[in-house]
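In this text the structure is predicted, and so the values were computed from the model without any measurement. By convention in this document, chain letters (A, B, ...) are assigned in the order of the sequence lines, proteins followed by strands, and residues within each chain are numbered from 1. Just so you know, these numbers use all the heavy atoms, side chains as well, and skip hydrogens, waters and symmetry mates.
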Amino acid sequence: MLPHKQIELKLQSAVREILPDADVSIVLVRPCPDPKFGDYQSNALMSLAKQRKMNPRQLAENVLAKLDVSDICEKVEIAGAGFLNFRLKPAALALTLEAAARSVHLFFEKTSTPKTAVIDFSSPNVAKPMHVGHIRSTILGDSLARALRLLGHRVVTDNHIGDWGTQFGMLLVGWKRELNSAALATDAIGEMERLYKKISAECKENPAVLEAARQELVKLQAGDAENLKIWREMIALSQKQFDAIYGRLDVKFDVTLGESFYNDKLAPLVDELLKKGIARESEGAIAIFFEDNPQLKAHPALIRKSDGGFNYSTTDLATLAYRLEKWNPDEIIYVTDGRQQLHFQQIFAAFKKWHGESKAKLAHVWFGSILGEDGKPFKTRSGETVKLSDLLNEAEDRAFKIVSEKSSELPDAQRKEIARVVGIGAVKYADLLPNRQSDYVFSWDKMLALQGNTAPYLQYAYARIKSIFRKAESGSREAEIKLAAPEEIVLAKHLLNFGLTLEAMAEEYRPNFLCNYLFELAGKFTSFYENCPVLKAENETTRNSRLALCDLTARVLKQGLDVLGIEVVEQM
RNA sequence: GCGCCCGUAGCUCAGUUGGAUAGAGCAUCUGCCUUCUAAGCAGGUGGUCGCGCGUUCGAAUCGCGCCGGGCGCGCCA
């Protein structure tokens, strides 16, 4: 067990002895903000004392009398208003690193209470190009899935694609009247987008076209064989595009159940809600009202339109019910734009009326918009949305130029591969680094600057370590750990906090915690690298110990970047 | 009008149960490549955490009020 966890458990049982009725789950041990205080601290006694109107320092004294962590810590100190400061014994630190070197752990532990989480993210639309609007959901959702899996949870990733809706009426009209088969063969998405835009514009001018689109939609919904065949082809063509993008991003889904999957569940759902008195007719539509909920009192959810059609609230309710039944999850996570907050509040509240309090935690993990440098929604110069494929191409192109400049001696194919890993990594990292709830200003220059707190900086640290090992002719990676230089100790202690960071990321759904941890790790490594010769260390013991430290750093960097969905290269 | 979010260094942003002297990147200034990759390192400059009041031993963080900005608010998703 990792040291901070041992301290935490012992501290909790000491608190339980002094305050038998206290909620010890708040008694947490965290890294100190400043190493001068120690390695780990607990602030919990101050809040416990406060709740009970006790003297915090006296409480700390009493708890300390029951606490024995002398096997791994120096004397525990009470500081300030009642902080407990813990300082690891060098031997305990070394033992932890040696265990990691033997691959007993990599500074994190699988959860003892695995849960099942369904994660809904990406959700692109059929017949439309994937664009920057999909990138945050895709990258955030994927990295949350990776983190939860690494910590030992069961994860079902579900791509809820937009494969149904009124747009198919127009697409069908376009397909039948204007389809350019040659264009479809070379650029299917472009051709379908062209058809949609053309017919959509015509619908605004010409009521006859609008009517034709309506009729095609009705035929599709009624199961017309020809329209179904075209619709299926549009989905298949779109899925090819999705797969190409996901392949480049290394994103995988366990299931892809689009909106159409729930078609036959919608009418019975509305009937049931009507029958149970949860929904009622309103202005020709069917709606669920939330009279008892001050937040939603003025915002009923429509589940059937006055024309008899269903909308996304209906589908989302059906989807939620299906997921609960199919996977029995402890948690369902929706990764979408923040503008859908009201919608998900309605869905969650409506579902509660329908199925009562569920065991599953429903989480709307929302994120801010991507803005252009003018502070307005991000568009190309001509005002179009930016296609994801173009964005990834440009990232790789720019990275290739830089790699070619910095490492002109490498063969072309290798520079291409480095550019791919660095370019895609830069895009992902730029998206994961800001707090997800902030609107984020998209900047090619910043994203691909490849300096400062960016993916390439982390990848570079990794590559430098690998370079050491290419030059090391001998030396065990499982050596005895002997830490002396301050840079070694700082680096070693930071390695120990990897698991804490992963847990915080999974708990708060915030990959930026991990980004910042890895950036600090890379920084502490580089300091060590500048100050502590590895291959030319003064003696064999130090050399081997430092090699082991390098290897552990590389492993944590690689594992951490993998959680972010970012690859590494051996050389760059 | 109501609701949600935001306001932290010149710019872009972090800031983990409220916790110790508010941090980073970029920009700028000064040093460091006969030594494991300088996509780097060490250091300097730079702050009324929008404003005010309150709660607290302690507030960027919690509460109330104001100012400024973004988004959302019934038949699109």
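For the C1' atom pair drawn from C64(B) and A22(B), the interatomic distance equals 25 Å after rounding to whole Å. The gap from the P atom of U17(B) to that of U61(B) amounts to 13 Å, rounded to the nearest Å. A gap of 15 Å separates the C1' atoms of A14(B) and G7(B), to the nearest Å. Comparing the same atom, C1', in C51(B) and in A59(B) gives a spacing of 16 Å after rounding to whole Å. Taking atom P in both G40(B) and A27(B), the straight-line distance is 10 Å, to the nearest Å. Atom name P, nucleotides A9(B) and G47(B): the rounded distance is 10 Å, in whole Å. Using atom P as the reference point in both C13(B) and G70(B), the two lie 15 Å apart (nearest Å). Taking atom C1' on both U8(B) and G68(B), the two are 15 Å apart, rounded to the nearest angstrom.
To the nearest angstrom, C1' of C4(B) lies 12 Å from CG of L296(A). Atom C1' of nucleotide U16(B) and atom CG of L514(A) are separated by 13 Å, given to the nearest angstrom. In this structure, CD of Q437(A) is placed 15 Å from C1' of C13(B), rounded to the nearest angstrom. The separation between F83(A) atom CZ and C57(B) atom C1' is 10 Å, rounded to whole Å. For the pair Q346(A) CD and C2(B) P, the computed distance is 20 Å after rounding to whole Å. When rounded to the nearest whole Å, the span between CZ of R30(A) and C1' of U16(B) equals 7 Å. One interatomic measurement links the two molecules: CG of L433(A) to P of C26(B), which rounds to 12 Å at whole-angstrom precision. R510(A) places its CZ atom 13 Å from the C1' atom of U61(B), with the value rounded to the nearest Å.
Here the OG1 atom belonging to T553(A) is positioned 13.0 Å from the CZ atom belonging to R464(A), to the nearest 0.5 angstrom. To the nearest 0.5 Å, the span separating OG on S143(A) from CD1 on I566(A) amounts to 9.0 Å. Taking CD1 of I370(A) as the start and OH of Y440(A) as the end, the distance is 5.0 Å to the nearest 0.5 Å.
Residues Y262(A) and D316(A) bring no donor and acceptor atom of their side chains to less than 3.5 Å of each other. Side-chain contact check for N311(A) and T314(A): at least one donor-acceptor pair (N or O, by modelled atom type) lies under 3.5 Å. Defined by atom type and a distance below 3.5 Å, a donor-acceptor pair is present between the side-chain atoms of R510(A) and N435(A).
Note on E77(A) versus R87(A): no salt bridge recorded, every NZ/NE/NH1/NH2 to OD/OE distance being 4.0 Å or above. With salt bridges taken as basic N to acidic carboxylate O contacts below 4.0 Å, none links D397(A) and K401(A). A salt bridge between K197(A) and E193(A) is present, with a side-chain N of the basic residue lying under 4.0 Å from a carboxylate O of the acidic one.
Here the rule is side chain to side chain donor-acceptor pair (under 3.5 Å) with E567(A), and of K428(A), K558(A), Q459(A), R420(A) only R420(A) fits it. Checking each of V427(A), I139(A), V563(A) against L432(A) for a side chain to side chain contact (heavy atoms under 4.5 Å, CB included) leaves exactly one that passes, namely I139(A).
Regarding contacts with the backbone of A14(B), a side-chain N or O of S438(A) is found under 4.0 angstrom from either OP1 or OP2. For N512(A) and G15(B), the shortest distance from a side-chain N or O to OP1 or OP2 is below 4.0 Å.
Helical stems in RNA chain B, defined as runs of 3 or more consecutive Watson-Crick or G-U wobble pairs with both donor-acceptor distances under 3.5 Å, are listed by first residue as B:1-7 with B:67-73, B:10-13 with B:23-26, B:28-32 with B:40-44, B:50-54 with B:62-66.
Residue-level contact check: N43(A) touches the bases, meaning some heavy atom is under 4.0 Å from a base atom. Contact annotation for N85(A): base contact, defined as any heavy-atom pair under 4.0 Å involving a base atom. As judged by a 4.0 angstrom heavy-atom cut-off over every strand, A301(A) is placed among residues making no nucleic acid contact.
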Worksheet item: Between N497(A) and F107(A), is a side-chain contact (heavy atoms from CB on, under 4.5 Å) present by the stated rule, with each step listed?
Response: CA-CA 7 Å; N497(A) 295 336; F107(A) 309 106; over 6 Å; no
Practice prompt. For the pair H160(A) and F261(A), evaluate ring pair (Phe, Tyr, Trp, His ring centres under 6.0 Å) and give the outcome as yes or no after the intermediate values.
Written response: CA-CA 9 Å; H160(A) 191 68; F261(A) 178 80; 9.5 Å; no
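Below the 3.5 angstrom threshold, one finds a donor paired with an acceptor across the side chain of K50(A) and the base of G18(B).
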Item to complete: Let me have a per-nucleotide readout for nucleotides 34-44 of chain B, 5' to 3', with B, S or -, counting only protein heavy atoms under 4.0 Å.
Response: -SBBSBSSS--
Practice prompt. Using a 4.0 Å heavy-atom cut-off, write out nucleotides 71-77 of chain B from 5' to 3' as B (base contacted by protein), S (sugar-phosphate only) or - (no contact).
Written response: SSSBBSB
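A glycosidic torsion no more than 90° from 0 defines the syn conformation, and C33(B) adopts it.
With RNA chain B read from its 5' end, the first of the two nearest nucleotides for C32(A) and Q345(A) is the one closest to Q345(A).
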